[in-house]
Amino acid sequence: QDDPAASYKKQLAMVPYDKSGDAFSAAINTLASGLMIFVFGGWIGVILVFWNLWAVVFGWLWPFALLTLLCLAADSPVMRWNPASGVYEQALLREVRVGDEVMVTDPLLGGDVFRSRVYFAHCDEGSHPLVRLTVESGQSINAVPPHLVAVVDDSSSVTFRSAESVQIGDKLVVSHDGQPTQPEAVRSIEYSLGGICDVKTEAGVILGDGVLASNAVTDHDAAMMAWAPIKTLSRAHPDFVARHAWLISRTSEVATTLG
């Protein structure tokens, strides 16, 4: 049986997240993917066409070749708000649905936690490369390699970096049991394969096992702008977005194939 690190590297070599292209090629690919979805998906295709073009206009090059990689492990624990009892309850990421509220915090040290609505959720229980970053307290974030996590630099400022770029000793932003965030050093890094979920909150961030991560790869702010139309649509028609989450995620696979 393959060593987990060897299997991870083998799978990682097949992942197209490091593809790059100019604005023209990105526009052609995303438009073509939207049109293909239109053929098979009705009005959701029209929405995807305009959404793809919106993302390109805001400079998020190759926006949807990355879409299926904006993920944490499907078994990542998160704190979900229970409106009936008025308290947070732990849930696995795969159990979170559009319209749920989960615990998040701003990307800064000493930040208080708050609830943020989930406007998109899609899971793939296949075999995907994952990087687990475990901090001193034992809490960990388990994400695909390019997923952005909140890292504290030497000046105590918080920036987003890809999970695969984090090294032992780097400090992540962590909340213990809903307390204000604090920095904690990474003590171990492990590689594995597993299911993933792309869960996006209106705050643009999520706490996986209390460790702060972005909803994006490559550029947090650009991703927030690119996803704005879907967030707005989800507010007005949450059932529609939930029902077509698979089609929205498929856009990335079509774009990658055409590219």
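Small disclaimer: the values here were computed from a predicted structure and weren't measured.
Under the 4.5 Å side-chain contact rule for hydrophobic residues, I141 and L92 do not share a cluster. Under the 4.5 Å side-chain contact rule for hydrophobic residues, V113 and W81 share a cluster. Connection of L109 to F160 is established within a shared hydrophobic cluster, with ILVMFWY side chains joined at heavy-atom distances below 4.5 Å, either directly or through further cluster members. Linking Ile, Leu, Val, Met, Phe, Trp and Tyr whenever their side-chain heavy atoms come within less than 4.5 Å puts F114 and V78 in one cluster.
Side-chain contact between Y88 and N82 is absent, with no heavy atoms from C-beta onward closer than 4.5 Å. With contacts defined as side-chain heavy-atom distances shorter than 4.5 Å, the pair L193/L130 does not qualify. In this structure, R117 and V98 have side chains that are in contact, with non-hydrogen atoms separated by less than 4.5 Å. Taking 4.5 Å as the limit, some side-chain heavy atom of V118 sits within range of a side-chain heavy atom of V102. Counting only heavy atoms from C-beta outward, the side chains of L207 and M79 never approach each other to under 4.5 Å. Counting only heavy atoms from C-beta outward, the side chains of T105 and S175 never approach each other to under 4.5 Å.
Considering V158, L212, L172 in turn, L172 is the only one that fulfils the side-chain contact (heavy atoms from CB on, under 4.5 Å) rule with V151.
The heavy-atom pair separating A163 from A143 by the smallest distance is CB-CB, 4.5 Å. In this structure, I189 and V131 approach most closely via the heavy-atom pair CG2-CG1, 3.9 Å. Nearest approach of D209 to S140, heavy atoms of both residues: OD2-N, 2.9 Å.
Atoms CG and CG, on N142 and D75 in that order, are 6.5 Å from each other to the nearest 0.5 Å. Atom CG of L133 and atom CG of D170 lie 9.0 Å apart (nearest 0.5 Å). Taken from NE2 in H147 to OG in S162, the straight-line distance is 11.0 Å, to the nearest 0.5 Å. With rounding to the nearest 0.5 Å, the separation of CD in E136 from CZ in R187 is 8.5 Å. Put simply, NZ on K200 and OH on Y119 are 5.5 Å apart, with the number rounded to the nearest 0.5 Å.
At distances below 3.5 Å, not a single donor-acceptor pair connects side-chain atoms of D124 with backbone N or O atoms of I196. In terms of modelled atom types and a separation under 3.5 Å, the side chain of K171 and the main chain of V152 share no donor-acceptor contact. No donor-acceptor pair under 3.5 Å is formed between the side chain of T134 and the backbone N or O of G138. For the pair N215 (side chain) and T201 (backbone), a donor-acceptor distance under 3.5 Å is present. The backbone N or O of G195 sits nowhere less than 3.5 Å from a side-chain atom of R94 that would complete a donor-acceptor pair. T181 places a side-chain N or O within 3.5 Å of a backbone atom of L108 that can act as its donor or acceptor partner. Of the possible polar contacts, one joining the E184 side chain to the S137 backbone as a donor-acceptor pair under 3.5 Å is found.
For a disulfide, the SG atoms of both cysteines must be under 2.5 angstrom apart; this fails for C197 and C71.
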